[in-house]
Protein chains: 2
Amino acid sequence: MAAESHAKQSTVTRVDDVDLDVLEDTLSFFIRSLNLAVSRDLDARLDGLDVARGTGKVTALFLIGRHPGIRPSVIAAAAMMDRSAIGRVLDGMERHGLVRREPDSEDGRVQALFLTEAGETLAAEVRAIVRESRAFFHDMSDSEYAQVVDLLRNIYWRIVKSHSGRG
Amino acid sequence: MAAESHAKQSTVTRVDDVDLDVLEDTLSFFIRSLNLAVSRDLDARLDGLDVARGTGKVTALFLIGRHPGIRPSVIAAAAMMDRSAIGRVLDGMERHGLVRREPDSEDGRVQALFLTEAGETLAAEVRAIVRESRAFFHDMSDSEYAQVVDLLRNIYWRIVKSHSGRG
DNA sequence: CAAAACTAGTTGACATCGTCCATTACATTT
DNA sequence: AAATGTAATGGACGATGTCAACTAGTTTTG
């Protein structure tokens, strides 16, 4: 479909002139490399806020805030992470006094997660910052932004659901 | 713009019913979490091929193949990575006999990178596999896929260029 | 020509992350 | 009561990205 300029090779000195080969039309490449840029940007905005570094903390903060009593495994699934990884994230957040873990009343294996006062406050701060992170994509129009979000959101939910159904 | 259902909280047991709060309309969230899923998928496809794990190896392979004599710092910029990180990636590829490093004839500080025979062969294999990775997004139509790629590609190049221009 | 400033690449230290595996505790099924 | 399955924890491991310090070569400046 796309223009496959697969012919000549040439040495380059500046990134601007680089040819990415197949990667030029590969969504996963852009997701993977933009992930680095986006994470750096978010980390900078969240600097000093107890939730910097990693997608897990922010996701956990919002999910617990929105669904008090939620269990760790649900957060793991939504963040596309391992249960043990989320466990460690929660350890850190508990240590920082953001999260409280209680045994679930119905199921003894399960933990129920709640935000502390500090957690609620932080969630509000972070919510504002996350909204501001839209600025990183300042050269996209609102409709373009909404378009990409819609398409990626669909993929996201398909994957999340397919992993919750089976294995 | 988007439906902000910011009111009620409720406990959930399944991921399917989860409300992501602001993240639901946040591009960086989907990029960050899809990055994990996409990387897992690619790693599985590349299993055993000397380039599994990490975006760096694949990017380096294609860039060197396309631009023989390219320098490490250009690859670093294109992969949105640190120069030192790329250096380590190249160490590994050199150890695996995929890449050759030569001193640049014009500038003594600079290295010129080339693929070995094995590198060329691998690049061809990986090119095919990367094309197949389109299957991961099988529930997107070709036009939707092209749409997202176009939009993300623009952002990608803006960031790459802005980082090459200044600091 | 000499000193200063800059650039390319390497190296080591460090924190984080994701994965794998074993273990404990509890539930549900039979 | 026994077996199977699920929730969470903990340790070990490898890979990754970042930062700062260092070497070496180049360009600029006076």
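All chains are named by letter (A, B, ...) in the order of the sequence lines, taking the proteins before the strands, and each is independently numbered beginning at 1.
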Check the pair A:R109 / A:D104 against salt bridge (charged side-chain N to carboxylate O under 4.0 Å, His left out), numbers first and verdict last.
CA-CA 8 Å; A:R109 302 166 294 182; A:D104 185 279; over 6 Å; no
Quick one, give me the B/S/- string for nucleotides 3-15 of chain C, reading 5' to 3', where B means a protein heavy atom under 4.0 Å from the base and S means that only happens at the primed atoms, P, OP1 or OP2.
----BSSBBBB--
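- A:L42 has its CG atom 17 Å from the C1' atom of C:dC17, to the nearest Å.
- B:L34 has its CG atom 17 Å from the C1' atom of C:dG18, to the nearest Å.
- In this structure, CG of B:D47 is placed 15 Å from C1' of C:dC20, rounded to the nearest angstrom.
- Spacing between atom CG of A:D104 and atom P of D:dT6 amounts to 17 Å, rounded to whole angstrom units.
- Taking atom CG of B:L36 as the reference point, atom C1' of C:dT16 lies 13 Å away to the nearest angstrom.
- One atom, CG of B:D50, and another, C1' of D:dG14, lie 16 Å apart when rounded to the nearest Å.
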Might you work through the side chain to side chain contact (heavy atoms under 4.5 Å, CB included) test for A:V15 and B:K161, ending with a clear yes or no?
CA-CA 7 Å; A:V15 210; B:K161 288 177 184 173; over 6 Å; no
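- The CG atom of A:L46 sits 10.5 Å away from atom OG of A:S39, with the distance rounded to the nearest 0.5 Å.
- When each of A:G108 and A:M81 is assigned the nucleotide of DNA chain C bearing its nearest heavy atom, the one mapping closer to the 5' terminus is A:M81.
- When every heavy atom of A:D19 is checked against every heavy atom of A:D21, the shortest pair comes out as OD1-N, 2.9 Å.
- Rounding to whole angstrom units, CZ of residue B:R32 and P of C:dT16 are separated by 14 Å.
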Test A:R153 against A:D150 for salt bridge (charged side-chain N to carboxylate O under 4.0 Å, His left out), laying out the working first.
CA-CA 5 Å; A:R153 190 197 292 116; A:D150 276 350; 2.9 Å; yes
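- Ring geometry, B:F137 versus B:Y145: the interplanar angle falls from 30° to 60°, so the pair is classed tilted.
- Whole-Å rounding puts the A:R95 CZ to D:dT9 C1' distance at 14 Å.
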